[in-house]
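First comes the structure, then the notes that go with it.
Side chains are part of it too, since the values below use all heavy atoms of this structure and drop only hydrogens, waters and symmetry mates. Residue numbers start from 1 in every chain, and the chains themselves are labelled A, B, ... in the order their sequence lines are given, proteins ahead of strands.
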Number of protein chains: 2
Amino acid sequence: MNFVDLQVFKCVVDEGGIIKAARKLHRVPSSVTTRIKQLEISLGVTLFHRDRQRLHLSPTGELLLAYAERLIQLSDEARAVISGGMPRGVLKLGALESTTASRLPRILADFHRRYPEVRLELTTGTNDALVNKVVDRRLDAAFTAEVPAARALEHVAVFPERLIVISHPEHPPIRRARDIEGASLIVFPEGCAYRRVLQRWLGREGLGALRVLELNSYHAIVACVASGTGIALVPESVLDTMPDTHVLRHAIPKAQANITTPLVWRRGEIVPTVLALRALIAS
Amino acid sequence: MNFVDLQVFKCVVDEGGIIKAARKLHRVPSSVTTRIKQLEISLGVTLFHRDRQRLHLSPTGELLLAYAERLIQLSDEARAVISGGMPRGVLKLGALESTTASRLPRILADFHRRYPEVRLELTTGTNDALVNKVVDRRLDAAFTAEVPAARALEHVAVFPERLIVISHPEHPPIRRARDIEGASLIVFPEGCAYRRVLQRWLGREGLGALRVLELNSYHAIVACVASGTGIALVPESVLDTMPDTHVLRHAIPKAQANITTPLVWRRGEIVPTVLALRALIAS
DNA sequence: ATATATCATTCTCTATATCAGAATATATTG
DNA sequence: CAATATATTCTGATATAGAGAATGATATAT
């Protein structure tokens, strides 16, 4: 069993006959016949039932077909990633404001250096907005906050993140949810998964609704926190990109704090540019 | 790029050298070297950095390794599933309404317990409809009423059945065909072999056409018979699955009464799932 | 310091596998 | 009935892969 055999097998099934497959494969029919026979012998099963000079896929053959398709697809992907020529064209990428600020600069610089033929279009947005845009094909892929529940999406874990609470420098230490009672929350608009993390934590410890201020940029949020307007939940990596901010950092329980930023794309529709991005991140 | 190359590649990485890999693969080192070189040439990349007679996996090599492992694992799985014992996949089975009611529940329960990987698709229909579907490959096998005449089908005898005539409880005894003169026949629609048995018997004893009522379910037929609408011919085993039916049973001549339900499939095209079913019934 | 062992590689020969092409057998179609 | 289409078998040419021996370069032990 090798890739050539599997490709020949799949072609015979798709084209519905030895001769048609031979034409498509630029081979002579006898070669295709022998290849199929060899495959049957090596697996010890009958892939096709021969009925009056016609081939009919057997149930076992159907079983193999499913595997053959997966194997061929995977090997094509491997070849594309490893030796695939330079990807080119447009890569429509989405990311959270936080990921954009903390992780992307390095990644995108590397990416552009390695694949200068790719024009990058970066869209920022909340977790939910990004997921929707990927599903709608308005993005090729996105770095989100949560692994999406949708069956239609695939993902790979990329960046481990640690969420922390930040406050005004003179704020007393925050060890539990009730320590922030009375403060205002400064958060991203609805749809941000980090905000849900924060509210879940507060809810779990019995804290109800707080005053909420919605801002659209981490710089604005951090500036407001520093000036004592309220507290906020941010990934530590974002804060590390802002060296001169005078805010106090408070740890929250690990169960809430430790999350992973995934890269998500539509199932089965990974494109060369995204493949290249994924390969670059993996290395 | 083929599976052998990938396995050799993975082995070299795992064992950490050409010679160790060669030992493990029962090959000569030169063979392993050439295999790796070929792989590098065919992919157009360098998989290992050669540093003073030592190999070091390159970043590209690491990329390939990940794919190689998935591909090898998947192909092993395919081989195990396809040439490994347990049948799996879909079994498209046909059966008469009567067989479905009386014999199949036990059989199918056993079958599913023993071969949980097989998804069963059961189709009911008349004898002729089932035979046609098997010939057309829309069924893998079927329990029919008669041994099919078609050369293209094989069969094995499975269940002995005894056909009996049933009537309203107050109906006088039926000993010969003329005893039912004037009654209505309640039968399955055209294509049912049991119906032909009944009409052959009546015809042989010189009885002509009777009024006929066609119904599609044994429950309906038995209910109509019980209420005095007419008489019907049913396998005794079906009646035994309906404990509270008030109908009178009448024997008919053994030549007509004793039949055998066969399992039929296309000649020479018996598949693992049907093989398993046949084996289970035989035991 | 020298000898030995280890390692990857190169080269050549042989066995094997695979392909193309011609011939064959059977079924479908005009 | 001829013509076309289909899968298969057989044979010879070709390419490929593996074995084995030789090479060169490095590390390790005496």
Report summary line: Atom CZ of A/F9 and atom P of D/dA7 are separated, to the nearest Å, by 15 Å
Requested in this report: Using distance alone, with no hydrogens and no angle criterion, decide if A/E161 and A/S237 have a side-chain donor and acceptor under 3.5 Å apart.
Outcome: yes
**Report entry** Partner residues of A/R119 under the salt bridge (Lys or Arg N to Asp or Glu O under 4.0 Å) criterion, sequence neighbours left out
**Finding:** A/E121
**Report entry** Distance in angstrom units between B/I41 CD1 and D/dA15 P, rounded
**Finding:** 17 Å
Query raised in the report: When you measure from every atom of DNA chain C, which of residues 14-22 of chain A have a heavy atom less than 4.0 Å away?
Result: none
**Report entry** Rounded distance (Å) that lies between atom C1' of D/dG20 and atom CZ of B/R23
**Finding:** 17 Å
Query raised in the report: To the nearest Å, how far apart are B/E40 CD and C/dA8 P?
Result: 13 Å
For residues 8-22 of chain A, tabulate all N or O donor-acceptor pairs below 3.5 Å that involve a side-chain atom, not counting sequence neighbours.
from  : atom 1 : to    : atom 2 : distance (Å)
A/K10 : NZ     : A/D14 : OD2    : 2.8
A/K10 : NZ     : A/E69 : OE2    : 3.4
A/E15 : OE2    : A/K24 : NZ     : 3.2

Requested in this report: Applying side chain to side chain contact (heavy atoms under 4.5 Å, CB included), name anything that partners A/S75, two or more places apart in sequence or on another chain.
Outcome: A/F3, A/R79, B/M1, B/L71
Report task. May I ask you to verify if any side-chain N or O of A/R50 is less than 4.0 angstrom from the OP1 or OP2 atom of D/dA7? Result -> no
Query raised in the report: Partners of B/Y67 by ring-ring contact (aromatic ring centres under 6.0 Å, His included), sequence neighbours excluded?
Result: none
**Report entry** Sugar-phosphate or base contact per nucleotide [nucleotides 19-30 of chain C; S, B, -; heavy atom under 4.0 Å]
**Finding:** SBB---BBSS--
Requested in this report: Would you kindly compare B/D5 and A/K37 by the position of their nearest DNA chain D nucleotide and give the one closer to the 5′ end?
Outcome: A/K37
Report task. Mind calculating the distance between CD (B/Q38) and C1' (D/dA15) to the nearest angstrom? Result -> 12 Å
Query raised in the report: Could you give the CG-to-P distance, from B/L57 to C/dA8, as a whole number of Å?
Result: 14 Å
Query raised in the report: How many Å lie between CD1 on B/I36 and C1' on C/dC7, as a whole number?
Result: 15 Å
Query raised in the report: Can you tell me how far P of D/dA7 sits from CG of A/D51, to the nearest Å?
Result: 12 Å
Query - Contacts of type ring-ring contact (aromatic ring centres under 6.0 Å, His included), residue A/F111, not counting sequence neighbours - result: A/Y115
Report summary line: Residue set satisfying side chain to side chain donor-acceptor pair (under 3.5 Å) with A/D76, at least two apart, ordered chain then number -> none
Per-pair distances, 0.1 Å, donor-acceptor, side chain in residues 132-149 of chain B, under 3.5 Å, sequence neighbours excluded:
from   : atom 1 : to     : atom 2 : distance (Å)
B/N132 : ND2    : B/D128 : O      : 3.4
B/R137 : NE     : A/H56  : ND1    : 3.3
B/R137 : NH1    : B/E269 : OE1    : 2.7
B/R137 : NH1    : B/E269 : OE2    : 2.8
B/R137 : NH2    : A/D51  : OD2    : 2.8
B/R137 : NH2    : A/H56  : NE2    : 3.1
B/D140 : OD2    : B/K92  : N      : 2.9
B/T144 : OG1    : B/E146 : O      : 2.9
B/E146 : OE1    : B/R196 : NH2    : 3.1

List the atom pairs, donor and acceptor, that lie under 3.5 Å between side-chain atoms in residues 272-283 of chain B and the rest of the protein, sequence neighbours left out.
from   : atom 1 : to     : atom 2 : distance (Å)
B/S283 : OG     : B/L280 : O      : 2.9

Requested in this report: Describe, as an angle rounded to 10 degrees, how the axis at the first end of the helix from C/dA1-D/dT30 to C/dG30-D/dC1 is tilted relative to the axis at the last end, five pairs per end.
Outcome: 20°
**Report entry** Ionic contact status for B/E40 with B/R50, cut-off 4.0 Å
**Finding:** yes
Report task. Hey, could you give me each pair passing ring-ring contact (aromatic ring centres under 6.0 Å, His included) that has a residue in residues 259-283 of chain B? Not counting sequence neighbours. Result -> none
Query raised in the report: Under 4.0 Å between a side-chain N or O of B/T33 and OP1 or OP2 of C/dA8?
Result: no
